[in-house]
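A short worksheet on the structure shown next.
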Amino acid sequence: MKKLTLFNTLSRSKEVFEPIEPGIVKMYCCGPTVYNYAHIGNLRSYFFEDILKRVLLFNDYKVNHVMNITDVGHLVSDEDEGEDKMEKGSAREGKTVWEIAEYYTEAFKNDIAQLNILPPTIYCKATDYINEQIDLVKCLEAKGYTYTTSDGVYFDTLKLSDYGKLARLDIEGLEEGRRIEFSDEKKHKTDFALWKFSPKGQKRQMEWDSPWGIGFPGWHIECSAMSIKFLGKTFDIHCGGVDHIPIHHTNEIAQSEACYGVKFVNYWLHGEFLIEEKGKMSKSAGGFLRIQTLIDKGYSPLDYRFFLLMTHYRKKIKFSFENLDAARNGYNNLKSKIAEIKSDKNNKPDNEELVDKYRGEFFDCINDDLNVTEALAVLWDVLKTEDLNPADKLFLTEEFDKIFGLDLDKVEALEINVTIPPDIVELAKKRKEAKLNKDFKLADEYRNQIKEKGYDILDIKGGEYQIIKNKE
Ligand code: AMP
Ligand code: ZN
């Protein structure tokens, strides 16, 4: 079977994964800024990290997974300028920043639970580790990497010879461009804030004393400080969305490596974006889609999980409701096939050799840089083959679902002998009719009524369907 290989952004190539300590993986994933709900694009990033974690577990690693909760104000722009996101949320809702942080942290945890995303081993809140962040800035100051301007303490990026290696930044080119564009106190375009001062004469809701004056930490310092605290100076895997490559992760590397003088992270993994017709989905632009928006439209969170499974994590996904409908159909077909197998009374002997062959094929797919899309095709081969008995098929389905996380073990057998009440049959017919008339809103309403009465519909190819009784 293939060894686990992962695409490392640092080398821009697939590498065989070897953890520092045998059998244990130390992994840090950048978490949410809790000033608003997560949108379905953000959730794509956490889904990709979930697949990574499940694949590591499938490979028998113990995974120490740390995720930060950014509950302190990052500034809206990447240039350390603009409004503070947390204060902005507080003004919008008339709550304190602390209340905002608590509310949206819980909302986030609820969203990921609905998507069957396994929670991290440790959640760490930035505001709980302000001292550790100050200590790291002190270390950088002692080593001569900082300078102070009227609004904060900055990292002098040109003092670090390999600054920008992750993103392969063209520092000279950026500096050239900057002379025309910028006239602030920063020495170089890529320099960034480690500590920001509270504006004079203004009391912020979140501010702390420090050797440099009252203020708050810069955007990147929390991840360096907390990853070192929980995972050590060098750890195995760090992940996030692709937008983090040029700034946030580049600056985390700079801070950690400048202070400790050792390699920060061995494998950097980045998930591509979910985009809409109009471009990138973003919170600051407003009007974004949440998982609850999908639920309100009659989709289940796992329909969305299935939708995400259909594209490799390093490719962009275009979101549209037509694409989500196609995914929902695919997911329903899968469940319907499993339900059929559960009712299959055929008792052919076990075919261990074939079970091992399919398990091996599946392993090779997921170990090839998390190729879950091909792994799904292996599941379909298993379900369709004539050479496995139902028990073997169901064993493999449950095994593979450790990666997919689609609750495939909860699919009920088709209860052939159960008589479906006539009102349910009637609602199902009306739903089919509404779908034929392309009135999907009405079709969803009928489906919800069916669900409320304890039944559900499995769509089968060609517009046909099966009524099933939900578990009590
Ligand atoms: P934020 O809460 O804005 O810090 O973002 C949380 C995570 O979502 C980060 O890892 C981002 O890289 C990621 N992210 C932001 N927008 C998208 C998107 N449209 N698609 C996928 N991931 C995203
Ligand atoms: Zn981070």
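Position 1 is the first residue of the sequence, and the numbers go up from there. Order of listing sets the numbers, starting from 1, for every ligand and every atom in it.
Between F321 and F319, the two ring planes are perpendicular [angle over 60°; tilted spans 30° to 60°]. In this structure, Y304 and F307 have parallel ring planes: the angle between them is below the 30° cut-off, well short of the 60° mark. The aromatic rings of F192 and H220 stand perpendicular to each other, their planes meeting at an angle above 60°, with 30° marking the opposite boundary.
Residue E272 places no N or O, backbone or side chain, under 3.5 Å from any N or O of ligand 1. Ligand 1 has an N or O atom lying under 3.5 Å from an N or O atom of G241, backbone or side chain. Taking any N or O of Y46, backbone or side chain, none lies under 3.5 Å from an N or O belonging to ligand 1. Ligand 1 has no nitrogen or oxygen under 3.5 angstrom from a nitrogen or oxygen of F273.
Inspection of the E15 and S11 side chains reveals an N or O donor paired with an N or O acceptor under 3.5 Å. For the residue pair D296 and Q292, a side-chain donor N or O sits within less than 3.5 Å of a side-chain acceptor on the partner.
In terms of heavy atoms, F288 sits closest to A38 at CE1-O, 4.2 Å.
For ligand 1, the atoms lying closer than 4.0 Å to a non-hydrogen atom of H39 are 16 (N), 17 (C), 19 (N). Of all atoms in ligand 1, numbered sequentially from 1 with element shown, those under 4.0 Å from a heavy atom of L274 are 18 (C), 19 (N), 20 (N), 21 (C). For ligand 1, the atoms lying closer than 4.0 Å to a non-hydrogen atom of D243 are 11 (C), 12 (O).
Contacts between T33 and ligand 1, counted as non-hydrogen atom pairs separated by less than 4.0 Å, involve both the backbone and the side chain.
With C30, the cysteine C239 has an SG gap of 2.5 Å or longer.
Atoms of the protein (N, O or S only) found under 2.8 Å from the Zn ion (ligand 2) are C30 SG, C223 SG, H248 NE2, E252 OE2.
Evaluated by nearest non-hydrogen atom to atom 8 (O) of ligand 1, the leading choice among N36, N42, I40, I245 is N42.
A salt bridge links K26 with E21: the closest approach of a Lys/Arg side-chain nitrogen to an acidic carboxylate oxygen falls below 4.0 angstrom.
Taking the six-membered ring for Trp and the full ring otherwise, the centers of F17 and Y61 sit less than 6.0 Å from each other.
Partners of H312 according to the ring-ring contact (aromatic ring centres under 6.0 Å, His included) rule, which considers only residues two or more places apart in sequence or in another chain, do not exist here.
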